[in-house]
Amino acid sequence: MKLTPKNIYEKKQAGSKITVLSLYDYPSARIADEAGVDILMIGDSVAMVLLGHENTLGVTMEHMLYHTVAVSQAVRKGLVVADMPAHSYDDPEIALKNAKRFLEEGHADAVKLEGGSKVLNQVQKLIALGIPVMGHLGMLPQTSGSQFHVQGKTPEEAKVILEDAKMLDRLGVFAIVLECIPAKLAAEITQAVKCPTIGIGAGPETDGQVLVLQDILGIRSNVSPRFVRRYADLETIIKKAVQSYCQDVIKGQFPSKKESF
Ligand code: KIV
């Protein structure tokens with residue numbers, strides 16, 4: 001049975017932590033889905049992680065749809081959430097048109113939008129028309145670029161983030177990503193809202209955690225934000241495998257008779 005936004009929402013009441021990974025392609029999504037990840041998110045971080053841009057602003061709806069189709073085709077159990085790229089939700093009508101494309105053409109189950117009061121009308125419209133929405137507060141990459149600045153350190157900033165979270169919760173989002181905020185503030189927000197909170201650089205007291213797949217696998221050795229935990233060193237493994245392949249070809253040791261027709 002495939003997870004629904006309602007199932008994710010109810011995990012909070014059940015006290016079950018929610019696992020989320022940001023990933024962008026069919027094989028990764030198949031493996032992560034089989035491994036039991038709850039939410040497979042096609043993050044606009046694809047701009048930096050796969051396409052080599054400096055920030056997330058380099059991706060369009062067409063890029064995001066391309067990756068969303070690839071992920072959706074692989075997923076049997078988890079919830080597929082497509083990240084709406086910068087300017088794809090500048091007003092409620094544009095947001096609706098593009099969110100529908102993610103669901104109809106990309107086969108996503110839900111969409112994610114960055115921001116609080118600035119996207120109130122967009123979130124309201126999508127939810128009123130039955131489109132499941134995930135919020136995103138704290139550090140907003142579409143606004144702040146590639147700089148990982150912790151948000152909500154001053155009481156004034158913290159208050160805005162808390163009020164935005166309460167507002168998104170009232171509007172009916174099924175979860176909220178909290179990115180790069182102090183752990184204490186994330187814990188306070190998690191207590192204050194009914195929907196689950198999903199942290200990234202937001203400490204241990206959120207209802208779930210999200211990281212980028214390439215980061216936990218150790219494929220992006222040039223980027224290592226403090227909140228990433230590496231579970232593998234695939235960069236070294238991949239490099240060794242590629243070097244071995246090159247050596248075999250150079251020495252005439254590949255292919256062997258068994259590998260030939
Ligand atoms: O773009 C992304 O991958 C994200 C998640 C890390 C939350 O927004």
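Both counts, for ligands and for their atoms, begin at 1 and track the order of listing.
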Participant: For ligand 1, which atoms have a heavy atom of D44 less than 4.0 angstrom away?
Facilitator: 1 (O)
Participant: Walk me through it: do H53 and L57 pass the test side-chain contact (heavy atoms from CB on, under 4.5 Å)?
Facilitator: CA-CA 8 Å; H53 293 295; L57 303 178; over 6 Å; no
Participant: Between E34 and R76 (salt bridge meaning N to carboxylate O under 4.0 Å), is one present in this structure?
Facilitator: no
Participant: Contact between H136 and ligand 1, counting heavy atoms under 4.0 Å?
Facilitator: yes
Participant: Ignoring angles and geometry beyond distance, decide whether Y24 reaches within less than 3.5 Å of ligand 1 through its nitrogen or oxygen atoms.
Facilitator: no
Participant: Going by the atom numbers of ligand 1, which of them fall below 4.0 Å from some non-hydrogen atom of G43?
Facilitator: 1 (O), 2 (C), 3 (O)
Participant: Which residue and non-hydrogen atom of the protein lie closest to atom 6 (C) of ligand 1, and at what distance in Å?
Facilitator: I200 CD1, 3.7 Å
Participant: In the protein, which heavy atom is nearest to atom 5 (C) of ligand 1, and how far is it?
Facilitator: M41 SD, 3.8 Å
Participant: Could you check atom 2 (C) of ligand 1 against the protein and tell me its nearest heavy-atom contact, residue, atom and distance included?
Facilitator: S45 OG, 3.2 Å
Participant: If we ignore angles and hydrogens, is there a donor and acceptor under 3.5 Å between the side chains of Q122 and D91?
Facilitator: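 Per modelled atom types, Q122 and D91 side chains form no pair under 3.5 Å.
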Participant: Short list, please: which atoms of ligand 1 are under 4.0 Å from a heavy atom of S22?
Facilitator: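 Checking each atom against S22, I get 2 (C), 3 (O).
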Participant: Checking side-chain polar atoms at under 3.5 Å, does Y24 have a donor or acceptor matched by the opposite partner on S45?
Facilitator: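 Yes, because at least one side-chain N or O of Y24 sits under 3.5 Å from a partner of the opposite role on S45.
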Participant: Check D83 against ligand 1 and report side chain, backbone, both or neither, counting heavy atoms closer than 4.0 Å.
Facilitator: side chain
Participant: When you compare ligand 1 with K112, is there at least one nitrogen or oxygen pair between them that comes in under 3.5 angstrom?
Facilitator: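 K112 vs ligand 1: N/O contact under 3.5 Å present.
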Participant: Which atom pair, heavy atoms only, marks the closest approach of S88 to N98?
Facilitator: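 Minimum heavy-atom separation between S88 and N98: O-ND2, 2.9 Å.
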Participant: Where the side chain of D33 meets the backbone of K77, is there a donor-acceptor pair that is under 3.5 Å apart?
Facilitator: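 Between the backbone of K77 and the side chain of D33 there is a qualifying donor-acceptor contact (under 3.5 Å).
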Participant: Knowing that exactly one of V133, L113, V123 qualifies, which makes a side-chain contact (heavy atoms from CB on, under 4.5 Å) with L168?
Facilitator: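 Looking at V133, L113, V123, the match for L168 under the side-chain contact (heavy atoms from CB on, under 4.5 Å) is V123.
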